[in-house]
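Since we're looking at a predicted model, the values are computed, not measured. Computed from heavy atoms alone, side chains included, the values below leave out hydrogens, waters and symmetry copies. Residues: numbered from 1 along the sequence shown.
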Amino acid sequence: MAIGSLPPCQNTHQAEWRRFAAALHERRVALTRIGSGLCASGVAQLLGAAQAFALVPLFLSAWGPDTYGAWVTVTAAVSYLLLMDGGGQNYFANGLGVAFARGDRSGFVRLLSEAVSLYAVLGVTAACCAIGLLGAYRLGLIRVSGGWRLEVGCILAIHFLSLHIPRGVYATVYRASRMFSVSAYLHNAFLITSTVLQAVVLLWKGRPVHVAIAMLLSSVVMWLWMIFDSRKRIPWCRDIQISLGHARQGLRHLRSSLGFWAISLAQTLSGPGMVLVLASREPARLVGLFATHRTLSSIASFVPSMIQAPVQPELTFLHGSQRRKELRLYSGWLVRGVTILTGLVAFFVLVTARVVYPAWSKGNYELHSGLLILLLVQGILAAGSSACTWPMMSANQHGVLVPWTIAQAVTSVVLCALILPRYGLMAPAIAGCATQFVLGWMINPLYASRFLEVPTRTMVRKMAEVTLGALGLVAMAAVLSRQ
């Protein structure tokens, strides 16, 4: 053995220690990123709520209840244009994340160029149509009553289709490069800027058209700042090319991205669908009672959505770098953590509901404990069944889930209609729990276990254990709330 050299066994031990230290450091950095992302996501939720609460008095003071009601109607109708992204934001984020994890700069730049070019062309086309419609109205070629509604609708259409959707797709570069918290804080800055501009316009008694222009200007500022910041933080973004050729290439991705759109649409429409079914037979007061209970129970359902956003980039990176063992490990932790946290929040909601609900509803409704419990149970079942599919969603392997998600949404509405004559107010909650258990909680683990290459029995057993624990917390809260 040479002088100064270490025995082979010591070299082996040192190499193992270095690998262990590197893995520990990487996990600590990942947890720091996730923690920062959770904080940013929570701040975004608070800012969104604060924006709604702060601007409503200003809207009413500047316009009165009638004009404000018309503004809400127009903005709500135009906001459905956001569905025209076709699920591209999630699809391209995952694709970019895989390319980043593999160090594939050319693939990253090509996919980003195709995504931004596609939505830029669609956005410019939509903007030209909106401007043409607006010009025709201004020239007197089109006459409509309440013309400001058309003006606001056209301006907001330009805002959503030409700026909001392309900006959202481009912002996925932060998520793909494991900088979710940066994009979240940029979004928070946009919320603050938009809120301030709208508040200034309303304090000056500006008309609805002026508020729409303020929203448009804030979106332009956000776009310019994001381009500058991303090129500084992510050098690969400097190579992006926007052209009609890239837009045509981007069209081939829409078929795969539509799966995300279908899942989102099914989940979005199932809730309102059951409300419409309930409203078809029950008086408006009971519909309001159900809606307020669902809003209260949604506090627990907020847990999975808040956690998913910062965690999904990490799952995409693990999948892209072929680290299957870690992906399986983190997925198990996520299912347990999300389900238990949802159960803890549900416990808090149910314990405090007897005091909070009457004050929050201004004494207009009485607390229906059975309805609230069923809605919270549905949220717990959904938490575990959705969390186990996050690795699949982050790898763009969501295709097998699409028909089951649509089937769950349709079945819940149909079942609600069938049992409504017998169960009345409880029908939507019963239908939701039943379909969530049969078509969600029992189906999703089957496909998730295949993707993660773990025994289905193991996946179901772990989910059952943690779900029973969360349901036990709800049962405990139900007992305590009656004392």
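- For the atom pair Tyr68 OH and Phe59 CZ, the distance stands at 6.5 Å (nearest 0.5 Å).
- Not a single salt bridge (charged side-chain N to carboxylate O under 4.0 Å, His left out) links Arg336 to another residue, sequence neighbours left out.
- In this structure a side-chain-to-backbone donor-acceptor pair under 3.5 Å is missing from His398 to Ser257.
- Trp204 contributes no side-chain N or O that, together with a main-chain N or O of Val200, makes up a donor-acceptor pair within less than 3.5 Å.
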Margin query: Go through it in stages, so that I can follow the logic: the residues are Thr125 and Val121, the test is side chain to side chain contact (heavy atoms under 4.5 Å, CB included), and I'd like the CA-CA distance, side-chain angles, deciding distance and then a yes or no.
Written below: CA-CA 6 Å; Thr125 302; Val121 169; 4.3 Å; yes
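- Applying the salt bridge (charged side-chain N to carboxylate O under 4.0 Å, His left out) rule to Arg324 yields no partners; only residues at least two apart in sequence or on another chain are considered.
- Within 6.0 Å of atom CZ in Arg457, 12 or fewer heavy atoms from other residues, nucleotides or ligands are found, so the atom counts as exposed in its surroundings.
- Ring centroids of Trp225 and Phe190 are separated by 6.0 Å or more, keeping the two rings apart.
- For the pair Leu58 and Leu202, the tightest heavy-atom approach, listed with the atom from each and the gap, is CB-CD1, 3.7 Å.
- Ser264 places no side-chain N or O within donor-acceptor distance of the main-chain N or O of Trp261, the cut-off being under 3.5 Å.
- A search for salt bridge (charged side-chain N to carboxylate O under 4.0 Å, His left out) contacts involving Arg105 returns Asp239, not counting sequence neighbours.
- Within the 4.5 Å cutoff, the side chain of Ile165 has no heavy atoms near those of the Leu122 side chain.
- Put simply, the side chain of Ser385 gets close to the backbone of Ala382: a donor and an acceptor are under 3.5 Å apart.
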Note to self: Would Asn396 and Phe260 count as a side chain to side chain contact (heavy atoms under 4.5 Å, CB included) here? Give the steps.
What the structure shows: CA-CA 9 Å; Asn396 280 341; Phe260 284 110; 3.2 Å; yes
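- Side-chain contact between Leu452 and Pro391 is present, with heavy atoms from C-beta onward closer than 4.5 Å.
- Between the side chains of Ser412 and Thr435, no donor-acceptor pair is found at a separation under 3.5 Å.
- To the nearest 0.5 Å, atom CG of residue Asn90 and atom CG of residue Asp85 are 8.0 Å apart.
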Next item on the list: Begin from the C-alpha positions of Tyr170 and Cys237 and carry the test side chain to side chain contact (heavy atoms under 4.5 Å, CB included) through to its verdict.
Entry: CA-CA 10 Å; Tyr170 183 80; Cys237 292; 3.7 Å; yes
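- With values rounded to the nearest 0.5 angstrom, Leu133 atom CG is found 5.0 Å from Leu150 atom CG.
- Between the CD1 atom of Ile340 and the CG atom of Leu473 there is a distance of 6.0 Å, given to the nearest 0.5 Å.
- Although no hydrogens or angles enter the test, the distance criterion places a donor-acceptor pair under 3.5 Å between the side chain of Ser117 and the main chain of Ser243.
- Residues satisfying the salt bridge (charged side-chain N to carboxylate O under 4.0 Å, His left out) criterion with Arg207, sequence neighbours excluded, are absent altogether.
- Contact of the Tyr174 side chain with the Met226 side chain is registered, since non-hydrogen atoms from C-beta on lie closer than 4.5 Å.
- Put simply, the side chain of Thr467 reaches to within 4.5 Å of the side chain of Leu471, judged on heavy atoms.
- A distance of 10.0 Å separates CD in Gln408 from CD1 in Ile443, rounded to the nearest 0.5 Å.
- The side-chain heavy atoms of Leu315 and Leu334, taken from C-beta on, include a pair separated by under 4.5 Å.
- Classified by interplanar angle (parallel below 30°, tilted 30° to 60°, perpendicular above 60°), the ring pair Tyr119/Phe92 is perpendicular.
- Among residues at least two apart or in separate chains, side-chain hydrogen bond (donor to acceptor under 3.5 Å, both in side chains) pairs with a member in residues 297-308 are Gln308-Gln312.
- The two residues Thr456 and Ser449 have their closest heavy-atom pair at OG1-OG, 2.9 Å.
- In this structure, Trp236 contributes its side chain and Ser106 its backbone to no donor-acceptor pair below 3.5 Å.
- Residues that satisfy the side chain to side chain contact (heavy atoms under 4.5 Å, CB included) test with Val98, not counting sequence neighbours, are Arg102, Thr316, His319.
- In terms of heavy-atom proximity, Thr67 sits nearest to Pro208 at CG2-CG, 4.0 Å.
- When every heavy atom of Ala266 is checked against every heavy atom of Ala409, the shortest pair comes out as O-CB, 3.5 Å.
- Between Val345 and Phe302, the closest side-chain pair of non-hydrogen atoms is not below 4.5 Å.
- For Phe348, the CZ atom sits in a loose shell: 12 or fewer heavy atoms of surrounding residues, nucleotides or ligands are nearer than 6.0 Å.
- The heavy-atom pair separating Trp63 from Gly206 by the smallest distance is NE1-O, 2.7 Å.
- No more than 12 heavy atoms of other residues, nucleotides or ligands lie within 6.0 Å of CH2 in Trp404, so this atom counts as exposed by the packing criterion.
- A distance of 4.5 Å separates CD1 of Ile131 from CD1 of Ile158, quoted to the nearest 0.5 Å.
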Check: So Arg167 and Val220, side chain to side chain contact (heavy atoms under 4.5 Å, CB included) or not? Walk me through it.
Finding: CA-CA 10 Å; Arg167 188 187 74 232; Val220 171; over 6 Å; no
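- Between Arg231 and Arg238 the shortest heavy-atom distance is O-NE, 2.8 Å.
- The side-chain heavy atoms of Ile307 and Leu341, taken from C-beta on, include a pair separated by under 4.5 Å.
- Proximity of a side-chain donor or acceptor of Ser61 to a complementary backbone N or O of Pro57 within less than 3.5 Å is not detected.
- Remark: the backbone N or O of Phe180 is paired with a side-chain donor or acceptor of Ser183 at under 3.5 angstrom.
- The backbone N or O of Ser386 lies less than 3.5 Å from a partner atom in the side chain of Thr389, making a donor-acceptor pair.
- Not one N or O on the side chain of Arg461 forms a donor-acceptor pair closer than 3.5 Å with the backbone of Thr458.
- Side-chain contact between Met463 and Thr339 is absent, with no heavy atoms from C-beta onward closer than 4.5 Å.
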